[in-house]
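What follows is one structure encoded as structure tokens, with my remarks underneath.
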Amino acid sequence: MDIEFVAASAAPPANSALARVVFEGVALEGAAAQAAAASRFTGAKGQTLDILAPAGVDAARLVLVGAGKPEAYDALGAEHAAASAYNAVKLSGLTTLRVELPNGGGVNAARAALGVRLAAYRFDKYRTKEAAEKKPSITRTQVATTNVDGAIADFAPLAALADAMSFTRDLVSEPPNVLYPVEYARRVKALESLGLEVEVLGEPEMLKLGMGSLLGVGQGSIRESQLVVMRWNGAADKAAQPIAFVGKGVCFDTGGISIKPADGMEDMKWDMAGSAAVVGLMHVLAGRKAKVNVVAIVGLVENMPDGAAYRPGDVLTSMSGQTIEVINTDAEGRLVLADAVWYCQDRFKPKFIVDLATLTGAIIVSLGHDLAGCFSNNDELAGNLIAASNTEGEPLWRMPLPAQYDKNIDSMIADMKNTGPRPGGSITAALFIQRFTNGVPWAHLDIAGTAWRKPSTNPTIPDGASGYGVRLLNRMVQEKYEG
Ligand code: BES
Ligand code: MN
Ligand code: ZN
């Protein structure tokens with residue numbers, strides 16, 4: 001998608017769709033008013049009304065886009081309105097979208113452009129027969145603004161964000177026969193071209209480090225497990241204490257010997273979405289040259305049933321030295337995170353660790369698909385994450401870490417077991433990870449419900465991989481930890 005910012009007075013190109021974003025209750029004029037009256041268009045948030053351009057409008061068609069009440073309209077509103085405009089005309093056959101916003105200053109114009117970039121994301125590399133009329137025709141977007149230079153400047157870091165989110169969405173969308181741990185690690189390694197440092201540890205290196213928990217999960221797969229360490233040292237003091245992010249990267253989760261039912265199992269290709277969000281964060285930090293030192297670690301494995309697979313009843317020894325009795329091989333994400341989180345704090349001594357994981361089905365029962373769960377041993381960190389999540393429209397809800405549930409994962413024969421009772425399953429999973437944080441300030445985001453949206457309820461998220469987490473982490477880093 002080509003993005004341009006143009007003066008509000010410039011006429012739209014002849015073969016374009018003109019999207020006019022309007023507030024709820026504001027009186028329209030002429031043909032637009034007539035069309036609105038004939039179709040229950042009120043300007044409510046998310047409404048669109050697509051009409052043939054009336055006389056006097058220099059475009060092929062006019063789309064009215066509802067922005068809701070003016071009091072509630074902000075940069076996120078501009079973004080969503082522009083995304084809705086794109087979605088309304090993407091298959092029209094026209095090639096240019098022109099967006100006119102009610103408050104078209106630089107910031108809102110830039111955010112509108114972001115909205116279109118995110119909405120226009122597609123994963124179509126494996127389609128060979130799609131009919132031309134089913135393919136989006138809009139290839140260029142012009143956002144009208146009262147401040148062209150301001151919008152261009154504001155859009156630069158947002159373009160980096162859109163690129164990073166596309167990268168994340170691609171990783172999440174890739175089929176599991178293509179994106180197995182070694183291939184995934186290769187794609188991350190290629191990000192060195194952005195200025196990131198990337199180190200890849202294979203099974204021999206992890207064995208030496210004693211990562212019996214992560215390696216246990218991967219031992220039933222013919223694909224080698226990988227641990228990838230990314231570093232971005234953008235702070236003035238390159239040796240300053242870093243902040244850290246860790247991601248669950250289960251490239252496919254069959255459940256292992258505790259095998260999952262066949263129905264919907266294909267969804268488990270995106271059981272690496274936590275890791276992909278962490279990779280996306282590093283992508284955007286490098287892309288916009290963020291002034292901060294960050295470490296990111298992703299544990300990449302495939303959870304398969306096999307003669308060599310780990311079993312329920314096995315006892316694994318983690319890098320921390322703590323032993324884990326496996327009750328259910330489908331509770332594998334926490335086993336991967338146990339070693340990745342321990343290694344992270346042990347080697348890098350970060351200010352804090354935030355982990356992201358599609359960890360439990362139970363979080364979907366608790367919070368549905370719009371909200372992710374936030375578990376944290378630190379109120380300041382949790383507060384920073386939740387504030388950022390609200391600004392970016394990636395909602396997060398604080399969940400508890402009650403000490404009295406911790407005994408639910410005590411084991412008869414080892415230091416702990418990998419599952420507790422079904423009720424409160426997301427909490428037990430978080431308490432399990434907490435045992436590997438060594439007291440470092442930490443937050444765990446369970447994104448099982450938000451990583452994949454079908455149907456999507458957000459105009460900036462096409463059905464499929466959402467890229468959830470990249471924006472909120474990027475925002476938190478920018479506002480709280482860059483200097
Ligand atoms: N990857 C799944 C969690 C998941 C479920 C993610 C649905 C996205 C959508 C995870 O590895 C898992 O299988 N969790 C089990 C844990 C249980 C065995 C304690 C679950 O949630 O059922
Ligand atoms: Mn599982
Ligand atoms: Zn899983």
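The structure presented is a predicted model; accordingly, all values stated were derived computationally and were not measured. Both counts, for ligands and for their atoms, begin at 1 and track the order of listing. Count residues from 1 along the sequence.
Of the candidates Leu359, Thr360, Thr254, Leu359 brings a heavy atom nearest to atom 10 (C) of ligand 1. Counting only non-hydrogen atoms, the option in Met268, Lys248, Lys260 that gets closest to atom 9 (C) of ligand 1 is Met268.
A salt bridge does not link Glu266 with Lys454: none of the charged nitrogens is closer than 4.0 Å to a carboxylate oxygen.
Protein heavy atom closest to atom 16 (C) of ligand 1, with residue, atom name and distance, is Arg334 NH2, 3.9 Å. Remark: minimum distance from atom 20 (C) of ligand 1 to any protein heavy atom is reached at Gly361 N, 3.9 Å. Of the protein's non-hydrogen atoms, Asn328 ND2, 3.5 Å is the one closest to atom 18 (C) of ligand 1.
Side-chain contact, Tyr468 with Glu392: no donor N or O sits under 3.5 Å from an acceptor N or O. Under 3.5 Å, the side chains of Thr323 and Asp415 contain a donor-acceptor pair of N or O atoms. For the residue pair Ser275 / Tyr184, a side-chain donor-acceptor distance below 3.5 Å is found, with atom types taken as modelled. With hydrogens and angles left out, the side-chain atoms of Ser426 and Thr360 include a donor and acceptor closer than 3.5 Å.
The shortest N or O to N or O distance between Asp271 and ligand 1 is under 3.5 Å. Below 3.5 Å of separation, one finds no N or O of Gly333 facing any N or O of ligand 1. Considering backbone and side-chain atoms together, Glu332 places an N or O closer than 3.5 Å to an N or O of ligand 1.
For the side chain to side chain contact (heavy atoms under 4.5 Å, CB included) test with Val326, the passing option among Thr419, Asn418, Val315, Val217 is Asn418; the others fail.
Counting only distances under 2.8 Å, and ignoring water, the protein N, O or S atoms around the Mn ion (ligand 2) are Asp253 OD2, Asp330 O, Asp330 OD1, Glu332 OE1.
The closest approach of Asp271 to the Zn ion (ligand 3), by N/O/S atoms, is made by OD2. Within Glu332, the N/O/S atom positioned nearest the Zn ion (ligand 3) carries the name OE2.
Proximity of Asp330 to ligand 1, defined as any heavy-atom pair under 4.0 Å, is shared by backbone and side chain alike.
In this structure, Tyr343 and Phe348 have perpendicular ring planes: the angle between them is above 60°, well past the 30° mark. His444 and Trp442 have parallel rings, their planes meeting at less than 30° on a 0 to 90° scale where 60° marks the start of perpendicular.
When atom types are taken as modelled, the side chain of Asp314 and the backbone of Leu316 share no donor-acceptor pair closer than 3.5 angstrom. Without hydrogens or angle criteria, Gln434 side chain to Asn377 main chain gives no donor-acceptor distance under 3.5 Å. Looking at Arg111, its side chain never comes within 3.5 Å of a backbone N or O of Asp74 through a donor-acceptor pair.
Here the shortest heavy-atom pairing between Glu325 and Gly313 reads CG-O, 4.4 Å. Of all the heavy atoms in Met165 and Leu118, the pair that sits closest is SD-CD2, 3.7 Å. Closest non-hydrogen pair, Ala83 versus Gly115, comes out as CB-O, 3.6 Å. When every heavy atom of Leu356 is checked against every heavy atom of Gly469, the shortest pair comes out as CD2-CA, 4.2 Å.
Less than 4.0 angstrom separates atom 22 (O) of ligand 1 from none of the non-hydrogen atoms of the protein.
Residue-ligand proximity, Trp270 to ligand 1, at heavy-atom distances under 4.0 Å covers atoms 8 (C), 9 (C). Of all atoms in ligand 1, numbered sequentially from 1 with element shown, those under 4.0 Å from a heavy atom of Thr419 are 19 (C). Applying the 4.0 Å criterion to heavy atoms of Thr358 picks out, from ligand 1, the atoms 1 (N), 2 (C), 3 (C), 6 (C). Short contacts between ligand 1 and Ala448, defined as distances under 4.0 Å to a heavy atom of the residue, involve ligand atoms 6 (C), 8 (C). Residue Asp253 has at least one heavy-atom neighbour below 4.0 Å for each of these atoms of ligand 1: 1 (N), 2 (C), 10 (C), 11 (O), 13 (O).
Angle subtended at the Zn ion (ligand 3) by Lys248 NZ and Asp253 OD2: 170°, rounded to 10 degrees.
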